[in-house]
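Written below as structure tokens is the structure these notes are about.
Numbered from 1 within each chain, the chains take letters A, B, ... in sequence-line order.
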Amino acid sequence: MIRYYPEKVIILNDAVIRESVITLNILDSIRGRGIEVIYLSEAEINDLIEKTARLENSYGEGKKTLLITANRGEFLKKCPGTNEYICCDYYIIDFAQNCPMECTYCILQAYLNNPFMVVYANIGDLFAELDTRLAGSGGKKIRIGTGEFTDSLALEHLSEYSKILMDYFAGKPQFILEFKSKTDYIKTFTDYRSGGGGLDNILISYSMNAKSVNKFEELKTATIEERLIAAAACVRAGYKITLHFDPIIDYDNFETEMAETINLIFKYLSPGDIKYISLGAFRFIPALADIIAVRFPKSRIIYNEFIKGYDKKIRYFRFKREKLFESVINLIREHDRLNEIRLYFCMESPEMWNALLGGAPSSDEQLGGILYDKCVNCPASY
Amino acid sequence: MNKIINYEYRRIPLKDIDLSDDRCRISHKCVYAALEKSIGASGIINPVILYPYDGGYKIISGFKRADIAAAIDALSGGQGSIGCLIAGDNSAAERLLINICENASIRELNPIEISAALKKLSEFYDKPAIVENYLPLINMQKSEYIFNKYLSLDRLTADLKTAVVRGRLPVAAAFILADFSGAGQTAFASILNETRMGANLIVETARLLFETAMQYNKTAERILSDINYEAVITNKDLTTNQKTETIRGALNRLKRPMYESCLERFSGLASAFTADKISINPFAYFEKDEITIKFNINSAAGLEKKIKALNRLKESKLISEFLKEAGRE
Ligand code: SF4
């Protein structure tokens, strides 16, 4: 997989940002590549954002610039759920926004109003906020991810943000830190192990999909096999792995290609290596469909048997989702005969849980707790 | 274009004007009844702009006016002349801009004219320059997206362009149809002619057809032939509304086969209770295992009857299929 390097780096001209370890790491890793670096005030940056946002392909163009700035809002956010679909009680660290990869279905295209690749370098504020908020969590077991507004590892080769977060969470077993990625970048994790870093509460997650979805809808990402090779290396280094089949897309040759992917998973990993697998069917807000139609006119993923769900998102008709899930579950269970891997749905109705997973959790918190326990109670495989 | 254009007013015989040259033309060639009536009654009020060419004249602006005047003149022997403004020495790009500016300054260009203007401007300028300098000239927002959208209308068949000019085909539908092949557009145009769909329904139907075609990776004309649209629109026993409904129904069944068949089965089973005046409906899109039962009572005897009917419902296939094992065959 080709790693991302921006054409230009803009740094907020503020001492905290200029001297942040994140900024220094990035400057260090782009040295000698002829990448333009400029320091601008907040007002100048806002002007530039506005100008770039006006371009027709602002989202594609904006990614060429990496903006190192400060997060003036909250770093720790609760993953938004809905009342009607069951959510997994997940928290997010908003450390960066946007992504250099180009998945046709990526929600960030409709969500972000800043087209640049953004990294928040005010980590002093991040840690101060985490100290206060996590201390006030009353012993609740919490799973926290970094792959919501970006891919967790897309910029890791530049910033080493994940490494810094792993240091922060080391020795805090109440919290599980999950890195979700479509890359195959593992240097942070292998280096961390060889440096003697702890890993009890670290999860490394890879997104899985059918081969054609990976090839035609997940542009500039690592192939499924590259991700699995990375996952296997993480397992060898002693890490816990989780997988996400999300979004599951009704694609040509769905059954055959899913079977190929699942066979490939178990070529590289054994059921005991995988703590859980989440399953989520493709869903999107109507605005995203318009963006996909313009940015990726050849993609056919937005044309299918869709309905409007109670969360106002467009999703496949219930029995179509059920059919898709059922075949993925059956394929996984063919390899995981002892049911070692915990399967769960991302944003599904209790009806779907009852039909396919033998019963629904009673609350988001219960599901969150089950997933936490699945990871912490199972020792890593070394 | 900052150049000052000087014109000379002259009456020019219509036979000296080259009506076939449409290098500067942005208007669509079709019948303009209102303009025809007005010129027939009062002659040409705004002079046509011409430039001298090879001993005769070519048109810069006023194509429709010149076409109509020539047609009227032909009926009376073809010896007439019209008042014209003769422009001096201008480049081809300047002549085109004169036409666009002249039209845009006195009225709103229709979508087909905008499309033609953008297409012709593209022969002289690149896209960013047109977006930046010329879209505002025709009262359009500076946006590449808008440029591409309007330019795409150039791919419409002549019939559909006429339908847009006449206001019969909404531009939102035209944008969708522009992605169809000529055969797909022709098929849609014949549906348009044989039904009396209103503007919203036209847009919805065009979108439904486009999405269904994309879903099956087929062309629009193939989807229309799959639903046998010709038999529907030529069926003399159907009203225009019934034709519309039949075509839309067939497209919907193709687009949402699982939902439509579920709904059909549900409605079939629920119809067993219509005689009891009990209406039974599923949760929206069967998303929940939940049904709504509605009935009215106005006497104890009436209630007794409903209770009996509800007991029948409890034992019915509808309940076992849609509440226990909802939707599974
Ligand atoms: S990897 Fe994730 S964040 Fe990046 S483009 Fe794909 S879906 Fe979006």
Side-chain angles (χ1 to χ4, degrees), chain A residues 51 53-61 82-85 216 250-253 281 283 286 289-324 326 347-356 360, chain B residues 127-128 130-132 135 141-149 151-152 172 175-176 178-179 207-218 220 223 251-263 265-266 282-291 321-329:
Chain A
K51 250 191 216 152
R54 261 190 263 133
L55 299 174
E56 187 188 11
N57 185 18
S58 60
Y59 189 73
E61 284 298 309
T82 59
N83 288 339
E84 308 285 352
Y85 296 114
F216 299 112
D250 178 27
Y251 222 73
D252 305 335
N253 305 319
R283 54 208 178 276
D290 297 339
I291 296 171
I292 296 175
V294 172
R295 293 197 71 222
F296 305 102
K298 287 203 180 115
S299 172
R300 289 170 43 234
I301 59 171
I302 49 172
Y303 309 106
N304 208 299
E305 187 162 4
F306 290 117
I307 56 123
K308 199 174 232 179
Y310 343 108
D311 52 0
K312 306 265 184 294
K313 283 189 184 158
I314 314 287
R315 44 175 69 218
Y316 294 122
F317 176 54
R318 172 180 167 187
F319 302 120
K320 171 157 275 204
R321 302 204 303 276
E322 190 174 308
K323 223 172 122 194
L324 297 172
E326 193 173 25
M347 301 304 288
E348 265 306 337
S349 60
E351 279 81 357
M352 197 65 76
W353 281 82
N354 290 334
L356 298 176
Chain B
K127 190 181 351 181
I130 298 173
V131 170
E132 187 59 32
L135 280 184
Q141 199 190 324
K142 285 183 191 177
S143 146
E144 250 185 271
Y145 174 77
I146 297 218
F147 173 91
N148 291 336
K149 273 291 200 206
L151 190 64
S152 75
F175 288 144
I176 298 169
D179 282 335
R207 185 168 298 132
L208 180 60
L209 175 57
F210 171 76
E211 289 180 355
T212 312
M214 289 297 282
Q215 185 171 332
Y216 289 93
N217 207 10
K218 289 181 177 177
I223 293 290
L251 286 174
N252 270 320
R253 276 190 296 282
L254 258 187
K255 177 100 188 63
R256 309 187 296 199
M258 288 177 105
Y259 170 66
E260 294 288 337
S261 81
C262 235
L263 194 61
R265 212 167 64 250
F266 186 97
F283 192 85
Y285 301 112
F286 301 93
E287 194 63 6
K288 274 191 186 181
D289 286 346
E290 208 175 284
I291 58 175
E321 275 197 33
F322 287 90
L323 286 188
K324 285 193 194 125
E325 289 183 302
R328 270 157 263 146
E329 306 279 353

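A cation-pi contact, defined as under 6.0 Å to the ring centre and within 45° of the axis, is absent between A/K320 and B/Y259.
With respect to the salt-bridge test (charged N to carboxylate O, under 4.0 angstrom), the residues A/R300 and B/E211 do not qualify.
Expressed to the nearest 0.5 Å, how far CD1 of A/I302 lies from CD of B/Q215 amounts to 11.5 Å. Atom CD1 of residue A/I307 and atom CE of residue B/M258 lie 12.5 Å apart, to the nearest 0.5 angstrom.
Within 6.0 Å of NZ in A/K323 there are 12 or fewer heavy atoms belonging to other residues, nucleotides or ligands.
Summarising the geometry of A/R318 relative to B/F286, their closest heavy-atom pair is NH1-O, 2.7 Å, with the distance given to 0.1 Å. Residue A/Y85 comes nearest to B/E287 through the heavy atom pair OH-OE2, 2.8 Å, listed as atom of the first residue, atom of the second, then distance. Nearest heavy atom pair, residue A/E305 against residue B/P257, reads OE1-CD, 3.2 Å.
A/S58 does not touch chain B: none of its heavy atoms, backbone or side chain, sits under 4.5 Å away. Contact of B/N217 with chain A is made through backbone and side chain together, with heavy-atom distances under 4.5 Å. Contact annotation for A/P297: only backbone heavy atoms (N, CA, C, O) come within less than 4.5 Å of a heavy atom of chain B.
Inter-residue side-chain proximity for B/Y216 and A/Y303 is flagged as unmet; no heavy-atom pair is nearer than 4.5 Å.
Less than 6.0 angstrom separates the ring centroid of A/Y310 from the ring centroid of B/F283.
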